[in-house]
Amino acid sequence: MAALQPAGPRKALPEVSARCTGCGRCVAVCPPRVLWLDLKGWKKTAVLHDAAHCTGCAQCVPACPFDAITMKRA
Ligand code: SF4
Ligand code: SF4
């Protein structure tokens with residue numbers, strides 16, 4: 001029978017809130033470079049582009065000066 005969850009432990013993924021100012025610090029510290037800045041309407045915001053390659057390391061969380069990132073279990 002097919003597994004409903006992918007193999008391995010479930011990891012937490014970063015969620016970016018509306019507090020994001022688009023400063024790019026989280027993008028700079030992400031080791032696998034899976035966070036990018038995207039235009040959302042008129043402002044830039046951090047977006048997780050490749051959840052499969054996010055390691056869940058949470059280094060992006062303390063890098064954010066605006067407390068805009070929280071780790072949420074997928
Ligand atoms: S948790 Fe780690 S790998 Fe995932 S986006 Fe943040 S810094 Fe990058
Ligand atoms: S560090 Fe924080 S404010 Fe800056 S781009 Fe990342 S989430 Fe947005």
Side-chain angles (χ1 to χ4, degrees):
M1 201 174 109
L4 294 175
Q5 292 288 340
R10 289 163 74 198
K11 67 188 175 190
L13 294 174
E15 265 191 13
V16 181
S17 79
R19 295 166 64 104
C20 174
T21 64
C23 73
R25 293 192 197 192
C26 58
V27 174
V29 301
C30 174
R33 298 270 184 254
V34 292
L35 276 175
W36 301 354
L37 286 180
D38 266 3
L39 268 181
K40 212 179 199 178
W42 52 270
K43 70 168 202 167
K44 278 187 181 170
T45 188
V47 175
L48 178 63
H49 266 266
D50 188 354
H53 287 100
C54 168
T55 61
C57 69
Q59 288 184 50
C60 47
V61 175
C64 179
F66 304 98
D67 218 6
I69 306 180
T70 46
M71 299 301 288
K72 294 262 166 70
R73 231 155 253 289

### Query
Should we say atom NZ of K43 is surrounded by more than 12 heavy atoms from elsewhere, each under 6.0 Å from it?
yes
## Note on the structure
Heavy-atom closest pair (C60 atom, L35 atom, distance to 0.1 Å) is CB-CD1, 3.6 Å
#### Entry: Minimum heavy-atom distance between T21 and F66, given as atom pair plus value
OG1-CE1, 3.2 Å
### Neighbour count >12 (heavy atoms, 6.0 Å) for atom NE2, H49
yes
### Query
Would a hydrophobic clustering, with Ile, Leu, Val, Met, Phe, Trp and Tyr connected at side-chain separations under 4.5 Å, put M71 with V16?
yes
### Query
Taking L13 as the fixed residue, which of L48, V34, T70 is the one that meets the side chain to side chain contact (heavy atoms under 4.5 Å, CB included) rule?
L48
### Task
For K11 and C54, indicate whether the former's side chain and the latter's backbone hold a donor-acceptor pair under 3.5 Å.
yes
### Query
Is any side-chain heavy atom of P31 less than 4.5 Å from a side-chain heavy atom of T55?
no
### Query
Would you say V29 and I69 are hydrophobically clustered, going by side-chain heavy atoms of ILVMFWY under 4.5 Å?
no
### Message
Please find the pair of heavy atoms, one from C64 and one from A68, that lie closest to each other, and give the distance.
### Response
SG-N, 3.3 Å
### Spatial distance of atom CG (D38) from atom SG (C20) [nearest 0.5 Å]
10.5 Å
#### Entry: Separation between NZ of K44 and SG of C23, rounded to the nearest 0.5 Å
11.0 Å
